[in-house]
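Let me begin by presenting the structure, written as structure tokens, before commenting on it.
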Amino acid sequence: MSALRNPAVRLLAARSLRTHRKAWAAVFAAVVVTSTLLGALALAIGSAGLGHARVERYAAAPVVVAGDQEISWTTDPWGSEPTTVSAGLTERVRIPSAAVDVLREVPGVRAAVPDDTFVVRESGKGTGTADGGGGAAYTGRSWEAAALAPYKLLDGREPRKAGEVVAGTGSGTGTGTGSRTGAGVRVGDTVAGRTVVGVADGPAAALYVTAQEARRLAGHPGAVDAVGILGEPGVPVDTLHARVRAALDGAGLKDTSVGQPLRALTGDGRGGAEHLAAPPARTELLQLLAAVSGTVLLIAVLVLSSLVAQALGQRGPERDLLLAVGATPRQVRAAAGREVTRVAGVAAVLGALAAVPTFLAAWSLLRARTGVVPEGLVLPTPPWLLASALVVAAVVVGLARLVVLFSTRRAGRAGKGAARRVSGLVLLVLGSAAAVTATTQGGEAAGAAAGAATVTLVSGCALLGPWIARGAMRILDGPLRRLGGAPGRLTAAGATAHSRRLGAALVPVVLVTAFALVQLTAGSTMGRAAETQARSATTADLAVSGTTAERVRKLPGVTAATDVLRSTVVLARTEAGTPRLDRLPVLGVDADGLKGTLDPGVVAGDLAGLAARGTVAVGADMADSLEARPGSTVALRLGDGTEKRLRVVAVYERSLALGEFLLPKAELAPHMTDPYPTRVLAATKDGATASGDPAVVPERVTTAGAELNGIVSAAVVTAIGALTVLSVLSTLALIGAGRRGELALLRQVGASVGQVRRMLGLEAGFLTVTGLLLGLVVAALPLTAFAWALTGGLPYLPPAQAALIAGTVVVTVAAGVFLPASVRRLRR
């Protein structure tokens, strides 16, 4: 009969569970929170994995032909097998107009409708407004493409000549008269300088023009954005798709940017041709959630290991007694495993149930924040996905059982802990090495190295907890005995006798301190440095939107002006032998207008070289990474995937604010979906803004999904912070529950309630000070390396946040030490 089915094992587990139910309460609470956090993250990952771009404009087209919005790169790093990496493109990859004629000849195709989207801006708006959105902008399309949704007329007629439009019901308020039919628009109104001749049930801010006018306004003759395929009645989608695919392959058509074969999209894949930012955002969200889940899992393992080991370790005498009366080590381990399974099983199920509303609430808040999740990204939550929280619960129970195996593997044999000590020292060495590595990296690589260093150092401290506590007590032993009186001597004696217990109490304090310091300091250091650089880089007197630099230069008093275009580039490189494609934000500028408007802080070369196409300015850190200097070349893939070899004309230092690359506007604009300037920076004669204009907001680029990253990271930091605080309370409460006999003995031999409480206060102070100092040391090494690599300076944490961390630790430790030993219990 196996140990698990042994009646003695069941009896031991049941009796022990009833006897130690208060001790297991701490483990129960930690498992509930862990299961809730991991379950919610699992649901989020599942939802993001099922995510797709919303199908709106092409809802009636079973097949859509478009360019491939994903770029791939294959290389064989370090002579290994070829590896392929991919990255999404955020600018439109267009297809040749010849595809329309090919597709119209496909059997079963009723119509092949070319589709172009472009921006129609209000005319007559002058130069816009300083730092505020100039004239209104509308999405323009041809009226024939409206059939792909389909959008039908509600009133009026279709456009027949230039200057006539059909407006979507949300396109805005007109200026004319007529029969109002839509949400604020009516036939006869004037919108964007054009007469509204019809109102359709299309989306908000949509204008439809004639096919000829659409080709002119799109501005890319010989190419279209996409082609929607309308099939003959009764032709299955799969059949139509196969025929379209065969026709495209037979014609050998390639896109106009990268030269890749055209794609034939069906189902949810059609949405990617509409909402270009949605697929890359989904990929980034998945990567972010995976990284966060890994961190949460590591911290959860540390927390559960500490709590379960402490709960079992306090029963050493009981275990020894069982072994003395005939129980085998295997029976003792099986009984402990059965206990943990019962406690963790119920707690994990409760956590899984709590994970569902937690996830739904977080997802609702995320969707409610405008601009955080790209427009058109659908994050579905089918009912069957909720079962993943139960799978996570089973994993958490398995983790708890694994901890039992390690905690009871030497039942009845007292080890000296040599393996634990060696493992801890090895982790400290590895953590220090990772921190040193961070100083040689840049960007995300430095952050990843610093994060790995933190986790490794904390894990090493967890293993070395008893020895660290013993060493710290040796330093404080003398002062406690001399200055603390009887309570001080009691504290010193207890700490010396129970260094393992003290080490277990230190681990969560160090964990919460180090984790909070790293998470908060890394963000504030980066943000402060970027803001400082942005203020120094932006020297303009005016920032104007809704216009162009060409118009602004004609204004009285303006001495210089530059358009600022925002796009992305993809950089292919290898890092530690691993190929990667990084999508980076970039600015397009006018070289002639930079003086007095934008100062990147040039350290080599001359920005005047950006006047010529085929040139680029590179940030100093990136230049070092690529071994680039003025005169060398850099290979970049622009926003639509077009590969360019650009000559470096300057190297600048303010890359945290302005991004790693500055390109000529003329180089960037042809590869953008909408090449209109985001805003115009201008310098004036008197160096002052126009009357009533707000101060110029410093120019600063942000990585794609930066706001989403910030929100998710803040939420997870809060959740993990709560878990670590709970672990401090639980560990200290567990220790307190296990030492009630010790405190009762002190009372019986003559110690007063006040002396015992002062002893506990000294212990709380020791834990607080030692934990804060150790956590500071653990965090300081990777943070200093991170800050030095990215900013060349020291890490920065706002005093209010530092005080919040210290205050939280003080309150948590005090509560954990004193609550289990209340005055009522001490007086018993």
Side-chain angles (χ1 to χ4, degrees), residues 29-30 33-34 36-37 292 295-296 298-300 302-303 306 358 361-362 365 369 447 450-451 453-455 457-458 461-462 505-532 706-707 709-733 761 763-787 790-791 793-819:
V33 174
T34 300
T36 300
L37 285 179
V292 165
T295 302
V296 173
L298 285 173
I299 291 178
L302 287 174
V303 170
S306 177
T358 301
L365 291 175
R369 290 288 298 271
T454 303
V455 174
L457 289 171
V458 170
C461 290
L506 268 177
V507 170
V509 180
V510 173
L511 177 63
V512 68
T513 304
F515 176 78
L517 282 173
V518 169
Q519 295 298 318
L520 296 177
T521 304
S524 60
T525 299
M526 178 76 80
R528 187 191 194 199
E531 287 298 333
T532 300
E707 188 176 1
N709 191 321
I711 291 175
V712 173
S713 297
V716 172
V717 166
T718 302
I720 295 179
L723 175 60
T724 51
V725 167
L726 174 65
S727 73
V728 175
L729 280 172
S730 300
T731 301
L732 293 175
E763 288 187 9
F766 169 80
L767 290 174
T768 300
V769 173
T770 306
L772 285 174
L773 288 177
L774 194 58
L776 179 61
V777 171
V778 168
L781 186 58
L783 281 175
T784 302
F786 171 78
L790 266 70
T791 69
L794 296 176
Y796 168 76
L797 181 66
Q801 295 184 8
L804 177 62
I805 294 173
T808 301
V809 170
V810 170
V811 172
T812 305
V813 172
V817 170
F818 283 103
L819 288 180

Below 3.5 Å, can you tabulate the donor-acceptor pairs from side chains in residues 809-817 to any protein atom, sequence neighbours excluded?
residue : atom : partner : partner atom : Å
Thr812  : OG1  : Thr808  : O            : 2.6

query = Where is the tightest heavy-atom contact between Ser524 and Leu797, given as atom of each residue plus distance?
reply = OG-CA, 3.9 Å
request  = Apply side chain to side chain contact (heavy atoms under 4.5 Å, CB included) to Ala780 and list each qualifying residue two or more places apart in sequence or on a separate chain.
outcome  = none
message = Going by the rule side chain to side chain contact (heavy atoms under 4.5 Å, CB included), which residues pair with Ala516 if we only count those two or more places apart in sequence or in a different chain?
response = Ile805
message = Looking at every non-hydrogen atom in both residues, tell me the closest pair between Val778 and Ala514 and how far apart they are.
response = CG1-CB, 4.0 Å
remark   = Residue set satisfying side chain to side chain donor-acceptor pair (under 3.5 Å) with Gln801, at least two apart, ordered chain then number -> none
query = Is there a donor-acceptor pair closer than 3.5 Å between any side-chain N or O of Thr521 and the backbone N or O of Val518?
reply = no
request  = Tell me, please, which residues at least two apart from Ala787 pass side chain to side chain contact (heavy atoms under 4.5 Å, CB included).
outcome  = Thr525, Thr791, Pro795
Gap separating the CG atom of Leu520 from the OH atom of Tyr796, nearest 0.5 angstrom = 12.0 Å
remark   = Val33 meets the side chain to side chain contact (heavy atoms under 4.5 Å, CB included) criterion, sequence neighbours left out, with Leu37, Leu723, Leu726
key: Heavy-atom pair with the smallest gap, counting every atom of Thr513 and Gly771   = OG1-O, 4.0 Å
request  = Measure across Leu517 and Ala779 and return the closest heavy-atom pair with its distance rounded to 0.1 Å.
outcome  = CB-CB, 3.8 Å
